[in-house]
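Here's the structure we're looking at; comments come further down.
What's counted below: heavy atoms across the whole structure, side chains too, no hydrogens, waters or symmetry copies. Letters go in sequence order (proteins before strands), and every chain restarts at 1.
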There are 2 protein chains.
Amino acid sequence: MADAREQTTGLAEEIATRLCEQVASGALRPGQRLFETKFATEMEISRNTLREAFRLLTRDGVLRYEPNRGVFVAVPSMASILDIYRARRLIEVPALAQAWPRHEAVARMRLAVDHAERMASVLDWRAVGSANIEFHRAIVALTDSPRLIAFFARLSVELRLAFGLLKHPAVLHEPYISLNRAIVQRIEDGDQKCAADLLEDYLAKSERMIMASFARLD
Amino acid sequence: MADAREQTTGLAEEIATRLCEQVASGALRPGQRLFETKFATEMEISRNTLREAFRLLTRDGVLRYEPNRGVFVAVPSMASILDIYRARRLIEVPALAQAWPRHEAVARMRLAVDHAERMASVLDWRAVGSANIEFHRAIVALTDSPRLIAFFARLSVELRLAFGLLKHPAVLHEPYISLNRAIVQRIEDGDQKCAADLLEDYLAKSERMIMASFARLD
DNA sequence: ACCGGGAGGATTGTTCAACAATAATCCTGT
DNA sequence: ACAGGATTATTGTTGAACAATCCTCCCGGT
């Protein structure tokens with residue numbers, strides 16, 4: 001979502017991606033109410049344009065409308081986490097299983113892992129989380145399917161939202177770097193089957209972990 | 001997309017679904033330009049509200065923005081058809097393979113097949129097409145996954161758009177009714193594996209057919 | 001006849017101001 | 001303490017305005 005786009009596409013979309021980034025980065029917290037007038041003046045745009053941006057993000061599941069009360073940052077639930085992981089399994093595993101080892105997205109995967117490792121060495125765990133998500137986007141990019149890629153982009157924004165809800169200790173992201181490294185290694189070696197199996201493990205482990213963190217919340 | 005929603009959700013969304021229905025029903029043809037002032041006055045809403053609706057539908061892939069020229073009804077290409085069928089396979093086949101035979105969506109599948117047959121007997125082929133798509137939505141509903149269901153709803157709108165582009169002979173929809181009947185029968189009998197195989201055949205056949213029709217166009 | 005280049009009109013992009021409708025808050029009288 | 005009504009804040013929707021951009025068509029030069 002919050003990636004390559006823009007140009008002259010229009011102010012509303014630009015605002016939408018900016019808001020999306022703020023949500024993903026944690027500047028806007030889940031459940032927070034977004035007042036139209038306040039944000040419009042802050043971002044120096046008109047209320048109408050802001051409303052267009054809100055509509056966009058509502059469609060993406062980043063924001064939530066309440067009929068006559070306004071928009072709020074979406075708050076992820078256990079049910080939504082389960083749903084997201086289910087969809088992830090459905091998309092990512094076949095994507096990896098049918099991967100062409102010399103697809104350009106493999107390089108993206110490698111870059112994402114490297115970046116995650118660098119960020120981990122500086123203890124910037126939020127950046128590690130972003131890099132890990134970029135890794136999985138690269139996996140989906142292996143399919144060359146615009147619709148699957150767009151769908152997954154939405155899922156990943158929602159996922160970042162959920163991560164933002166949790167406390168951010170190293171344990172949330174650090175263990176997965178080496179797993180990702182193993183996966184990309186297998187793909188580069190041409191062993192898609194094994195890579196897909198590893199990914200399945202990854203997803204199971206990650207899902208369990210995030211659910212457990214969630215349960216420890218409220 | 002153009003289904004259960006509404007209530008007090010807001011005028012823009014209501015307009016969006018109405019436009020979406022018009023697109024799906026063929027009242028708005030692919031490639032057609034949508035003038036803001038014209039539609040705003042016709043539908044008796046303000047231009048601002050209409051623009052919000054446009055933004056919504058752009059996100060769904062129903063409309064297309066061209067920077068300083070306006071919005072157009074999206075026109076499906078061969079590439080998009082291929083992409084849609086790829087995503088359909090990825091989602092529908094596992095959905096069916098893991099189906100619980102007494103899931104309520106099975107009844108929806110049965111109803112859709114019955115309806116398609118009735119419409120075929122009256123030679124209303126557009127309605128047959130809609131019923132067939134409803135059948136496949138019901139398949140995805142077997143997953144109980146809100147995100148997959150929403151994603152598939154988008155795909156199905158795009159698909160209807162593509163059908164609208166084609167000439168509408170019986171051959172486009174009629175052969176698939178009996179295939180659908182066979183699939184729902186297998187599910188009711190608890191033979192998911194066989195149902196999934198049948199679905200795979202269905203999709204392959206349907207894709208070949210639509211691609212051939214497409215090639216015969218321009 | 002052909003081509004370049006404005007002039008003018010149409011349409012979008014964005015803003016602003018206004019008001020009705022609804023929800024939240026506060027105040028008051030018991 | 002609390003029910004109920006008045007007040008305020010916010011959203012929902014509209015209309016008008018103006019700049020920016022694109023399209024068309026006409027005109028003049030070669």
Taking any atom closer than 4.0 angstrom to a non-hydrogen atom of chain B, what span of DNA chain C does the protein reach, first nucleotide to last? dT11(C) to dT15(C)

Only residue of Val140(A), Val157(A), Leu159(A), Thr143(A) satisfying side chain to side chain contact (heavy atoms under 4.5 Å, CB included) with Phe152(A) is Val140(A)

Please check if the side chain of Gln32(A) supplies one atom and the backbone of Arg29(A) the other of a donor-acceptor pair under 3.5 Å. yes

Value in whole Å for how far the P atom of dT8(D) lies from CZ of Phe35(A): 18 Å

Interatomic distance, Glu66(A) CD vs dA9(D) P [rounded to whole Å]: 21 Å

Test item: side-chain donor near acceptor, Arg64(B) and Thr58(B), under 3.5 Å: no

Just by distance, with hydrogens left out, do Arg47(A) and Thr37(A) show a side-chain donor and acceptor under 3.5 Å apart? no

Hey, are the side chains of Val71(B) and Arg33(B) touching, using non-hydrogen atoms and a 4.5 Å cut-off? no

What I'd like to find out is whether the side chain of Val106(A) reaches to under 4.5 Å of the side chain of Trp100(A), using heavy atoms alone. no

Spacing of CD1 belonging to Ile177(A) relative to CZ belonging to Arg118(A), to within rounding of 0.5 Å: 11.5 Å

Contacts of type ring pair (Phe, Tyr, Trp, His ring centres under 6.0 Å), residue Tyr176(A), not counting sequence neighbours: Tyr202(A)

Could you write nucleotides 13-23 of chain D as a row of B, S and -, 5' to 3', where a protein heavy atom under 4.0 Å of any base atom gives B, of only sugar-phosphate atoms gives S, and otherwise -? BBB-B---SSS

